[in-house]
There are 2 protein chains.
Amino acid sequence: MVTIRDVAKLAGVSVATVSNTVNDPKRVSDELRERVLKAIETLNYAPRAAARSLRKQSSGLIGLIVADITNPFFTELVQAVEAIAGQHGYSVLLCNSDEDPVREAKHLQVLRSQWVDGIILATTGEVSLSRTSLLSQSRVPVVLVDRAFDGLGLDAVVLNNRLAAQQATQHLIRRGHRRIGLLSGPTSVTTGADRLTGYREALLGSQLPFEPDLVREAGFREQQAYDATVELMRLSQPPTAVFAANNLMAIGMMRALSDLGLRCPDDVSVISIDDFAWANVFRPRLTTIAQPVREMGEMAVRLLTDRISGSRSGTGSTHMLESRLVVRESCAAPMGVAVPLSVTTP
Amino acid sequence: MVTIRDVAKLAGVSVATVSNTVNDPKRVSDELRERVLKAIETLNYAPRAAARSLRKQSSGLIGLIVADITNPFFTELVQAVEAIAGQHGYSVLLCNSDEDPVREAKHLQVLRSQWVDGIILATTGEVSLSRTSLLSQSRVPVVLVDRAFDGLGLDAVVLNNRLAAQQATQHLIRRGHRRIGLLSGPTSVTTGADRLTGYREALLGSQLPFEPDLVREAGFREQQAYDATVELMRLSQPPTAVFAANNLMAIGMMRALSDLGLRCPDDVSVISIDDFAWANVFRPRLTTIAQPVREMGEMAVRLLTDRISGSRSGTGSTHMLESRLVVRESCAAPMGVAVPLSVTTP
DNA sequence: CAATTGGTAAAAAACGTTTAAAATTTCAGC
DNA sequence: GCTGAAATTTTAAACGTTTTTTACCAATTG
């Protein structure tokens with residue numbers, strides 16, 4: 001184990017000089033800096049983060065808690081956050097709550113004792129538990145991502161979920177659909193509730209009735225969406241199109257349709273929120289509402305580092321990013337309905 | 001900021017007693033322990049990891065470096081490692097090298113200065129650079145995963161890649177194929193080289209000729225596989241089946257086939273290494289060779305914690321896990337060839 | 001009854017840095 | 001050459017734990 005003392009001894013200077021050459025090289029004369037650098041090189045010295053952060057009262061770590069790392073949305077978020085945090089000189093401590101509020105709370109405890117400099121949190125939404133530990137825990141800056149909640153004055157970066165859901169629903173309406181199903185997320189989390197709202201607003205805007213029977217809560221999960229799709233399609237009057245509120249549910253739905261012997265988009269059209277790299281390897285290629293995932297990660301990191309540096313303070317605000325419609329092949333006109341010309345070449 | 005001193009003061013004991021009740025409760029009398037615990041509770045005290053690890057010479061952190069986190073194989077590996085490391089009381093510092101040896105080396109530097117207790121490394125294979133920094137860096141235990149390399153005596157947990165490639169190739173052969181293409185990974189990494197070897201062995205075992213023209217190096221990347229597929233299919237005698245050496249290349253291939261107007265499995269059969277959650281949402285559902293990803297993560301963590309605790313020592317060894325054939329729909333008999341009965345109902 | 005033992009608690013010494021304060025050197029201006 | 005200021009370097013004091021050493025007290029033993 002090579003410490004700063006060893007370097008100092010070899011270079012024939014004090015430890016303070018070594019520390020200075022590492023942290024603020026211009027404070028030390030050319031000659032000594034030269035000697036110190038050489039000593040560091042030959043000893044292959046690296047300062048010990050634990051000692052440094054003890055003294056500096058900051059760890060150089062940020063915590064990232066995601067709800068489900070196997071969800072491509074979060075995977076891409078993790079990728080972006082890790083890359084951008086790295087550019088800012090931070091390493092990231094990754095936590096995966098697996099949609100479990102208890103695990104989320106535990107992770108928060110760990111992050112607290114690690115004294116991370118900040119936390120980016122995609123909460124499970126069951127905030128009762130985590131909220132308290134969040135609050136009680138010292139002044140660690142927290143930025144929410146994907147899923148917001150009010151009342152704590154935290155910064156948040158989220159999709160404009162209402163508009164996104166409107167976009168999706170309107171796309172189906174423009175294609176001529178009148179009975180549009182919804183695979184909804186849990187309304188206890190903002191992403192679930194807002195997307196439901198957007199769906200209703202779109203219907204309303206086109207003077208279409210809202211039929212509760214066509215809406216199924218499937219918890220953002222694939223298997224639940226599979227089951228819900230089966231139910232929907234067995235209605236006496238099944239929907240001619242379905243809007244899935246996230247990627248996992250879209251996949252569950254596709255699987256169900258295929259097992260039911262229904263063809264997409266011939267028998268039923270599908271659109272969903274969340275684009276992902278392989279959406280166009282599916283058959284049919286999925287029409288989706290894309291989220292600017294990378295920008296979300298980027299913004300979250302920037303908000304967080306600004307909080308950490310103190311250049312940002314006061315109560316936080318919610319930052320909304322806009323979605324983008326990606327038209328592929330999974331939406332067609334319902335059987336027997338002529339498609340308006342304007343839509344045939346999107 | 002509440003420190004151990006504050007707790008000690010409130011409980012009316014020395015700091016040593018507080019430390020003992022936290023770390024080794026049975027060393028302190030019931031009465032004092034009671035008082036201390038209460039004080040900790042009311043102050044909501046959490047020991048500071050930096051101070052603790054400075055003194056204990058261990059950080060409770062393990063570093064995990066993956067080559068490409070958006071690759072579902074690595075995503076699942078990350079999930080497994082994070083979960084299991086958590087059970088062992090470790091948090092994981094996630095690093096994504098993006099198949100870039102330079103980034104990998106940088107990450108290793110960071111992990112070194114963070115003094116992680118151990119590292120799980122899926123190396124990019126370009127070891128020249130990372131190898132040196134690995135060697136020079138102190139005695140941090142390292143476990144390689146997915147991709148091994150010899151000469152450093154490190155523990156490694158990998159797939160039995162030769163056998164896996166044999167399985168894949170033989171499956172195609174049994175279906176009646178005689179001209180089988182290979183989308184290969186770079187032979188500079190073990191996974192690439194071994195899977196190529198397995199492919200050749202399978203051909204040899206069935207007295208089929210090895211035709212270099214049917215083998216394309218596509219760097220484990222989707223786009224390169226796309227291009228390679230186009231080339232393959234434009235040969236005067238194109239293959240009737242192709243074995244893609246990983247998931248990403250299988251996807252690139254499917255995309256290319258579709259763009260070429262070729263149907264799978266009617267015109268060309270496809271099999272690949274790496275199963276993933278959505279392989280059966282693709283059309284056709286992909287026949288794959290599944291890796292026991294979760295077990296690999298589990299074993300890697302166990303090897304690492306054993307090294308850390310010192311219960312394992314000496315030069316490391318390579319642990320091979322076996323693959324499993326998952327038959328779905330992407331492999332059929334070549335046109336005009338009768339399929340042996342034994343394979344029609346796999 | 002003195003001496004030893006055993007158990008519990010407190011005091012104090014690390015751990016390896018950074019940084020404020022003190023000391024030394026350098027150097028310009030007179 | 002002297003003075004004071006500026007630049008550079010060193011000394012020493014933190015940072016918050018854990019752990020070794022020391023102190024204390026009671027009980028047991030010779």
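To find a chain, count down the sequence lines: A is the first, B the second, and so on, and within it residues start at 1.
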Between B/Glu104 and B/Thr123, does a side-chain hydrogen bond (donor to acceptor under 3.5 Å, both in side chains) hold up when you go through it step by step? CA-CA 8 Å; B/Glu104 176 178 322; B/Thr123 182; 2.8 Å; yes
Residues in contact with DNA chain D, drawn from residues 49-60 of chain A - heavy-atom cutoff 4.0 Å: A/Leu54, A/Arg55, A/Gln57
Verify the neighbour count for atom CD of B/Glu34: are there more than 12 heavy atoms of other residues, nucleotides or ligands below 6.0 Å? no
Would you name the heavy atoms of B/Ser97 and B/Thr124 that are closest together and state the gap between them? OG-CG2, 3.5 Å
Is any side-chain heavy atom of A/Val22 closer than 4.5 Å to one of A/Ile40? yes
I need the minimum non-hydrogen distance between A/Tyr90 and A/Ile308, along with the two atoms involved. OH-CG2, 3.4 Å
Smallest heavy-atom separation, B/Leu77 atom then B/Val145 atom, equals CD2-CG1, 3.8 Å
Helical bend (five base pairs per end, nearest 10°) for the helix from C/dC1-D/dG30 to C/dC30-D/dG1: 60°
Side-chain donor-acceptor contact under 3.5 Å, A/Asn23 with A/Arg52: yes
Using every non-hydrogen atom in the two residues, find where B/Tyr45 and B/Val2 come nearest and quote the distance to one decimal. CD1-O, 3.6 Å
Give the minimum heavy-atom separation between A/Gly297 and A/Ala80, together with the two atoms involved. CA-CB, 4.5 Å
Within residues 12-28 of chain A, which residues have any heavy atom lying less than 4.0 Å from an atom of DNA chain D? A/Val13, A/Ser14, A/Ala16, A/Thr17, A/Val28
Distance under 4.0 Å to a non-hydrogen atom of chain B counts as contact; along DNA chain D, which nucleotides mark the start and end? D/dG16 to D/dT19
With sequence neighbours excluded, tell me which residues meet side-chain contact (heavy atoms from CB on, under 4.5 Å) with B/Arg312. B/Asp155, B/Leu303, B/Asp306, B/Arg307, B/Ser317, B/His319
Between CD on residue B/Gln79 and CD1 on residue A/Ile69, distance to nearest 0.5 Å: 7.5 Å
Salt bridge (charged side-chain N to carboxylate O under 4.0 Å, His left out) pairs, two or more places apart, involving residues 63-90 of chain A: A/Glu82-B/Arg103
